[in-house]
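Counting convention: from 1, in listed order, for ligands and their atoms alike. This chain uses plain numbering: 1 for the first residue, then up along the sequence. Scope of the values below: all heavy atoms of this structure, side chains included, with no hydrogens, waters or symmetry mates.
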Amino acid sequence: MRFDTGCPCCRDDFYDYEEWLMQRVTVIDHPLAQHKLSLMRDKACPTQDFRRLLNEIGMLICCEMTRDLPLEAREVETPLAPTMAPMLAGKKLVFAPILRAGTGFLDGMLELAPAARVAHIGLYRDPKTLEAVEYYFKAPVDVADRLVILMDPMLATGNSAIAAIKLLKDKGVKEIRFACLLAAPEGIEKLRCAHPDVAIWTVAIDGHLNDHGYIVPGLGDAGDRMYGTK
Ligand code: URA
């Protein structure tokens, strides 16, 4: 979709949202991911099931997000013969959950890529302004040389993701990918405007945000549902 008036956020005349969406947003349509998300949307889904499902979806998302990682042939001695076998090559990974809900994906992702390092990014949402406020940041010293997979289940206003990406870029990180469970069109658009280089993987794109910045239909507050705090 090309907007005659340019991008609604930055008024960029060359804004072609559809083209950017095609290039940069992947909706993970794997039936297992879709099914698990539907179970999580149900307000009757118990806390322990919610947490387990988020973890399992983390694994599925991790598979999709690492699909293009480079491989190199290395010699391996099987019990029968030496052979050249493909092994991961290139940049190492950092998983970067935005606290607290982002940690819901972490164990699932680490199960698949146990050698990855972890960066924790503490941001909370000011309930009045909905702006992200930083309270914690701890990343591996060589984070700038790694591929960072930033994660937060809900891409709502986009403010937390934008702030987290800025913190990572300020540390010199050059390649960042963003993982979420649900995205609102408003959040995708705002993230594109601030950081068009960051690609997004999500399991669904929902209808809209309500006045409190919650995704509708969504699944409510992901952190509260994960930890049973409401
Ligand atoms: N954060 C959540 O946990 N849920 C939303 O719908 C939006 C932001």
Closest non-hydrogen protein atom to [atom], residue and atom name please, with distance?
atom	value
atom 6 (O) of ligand 1	Ile215 N, 2.8 Å
atom 4 (N) of ligand 1	Gly220 O, 2.8 Å
atom 5 (C) of ligand 1	Tyr214 CD2, 3.3 Å

- From CA spacing to verdict: side chain to side chain contact (heavy atoms under 4.5 Å, CB included), Ile149, Ile61: CA-CA 11 Å; Ile149 296 188; Ile61 295 178; over 6 Å; no
- Item | Residue pair Met65 / Asp68: nearest heavy atoms and the distance that separates them | O-OD1, 4.0 Å
- Message: Could you report the tightest heavy-atom contact between Gly213 and Ala156, atom names first, then the distance?
- Response: O-CB, 3.5 Å
- Message: Yes or no: does Ala101 have any heavy atom under 4.0 Å from an atom of ligand 1?
- Response: no
- Which atoms from ligand 1 have a heavy atom of Ala156 less than 4.0 Å away? 7 (C), 8 (C)
- Query: Around atom NZ of Lys171, are there more than 12 heavy atoms of other residues, nucleotides or ligands at under 6.0 Å?
  - Reply: no
- Does the side chain of Ile121 reach to within under 4.5 Å of the side chain of Leu168, using non-hydrogen atoms? yes
- In terms of its nearest heavy atom to atom 3 (O) of ligand 1, the top option of Pro217, Pro153, Gly223, Ala222 is Ala222
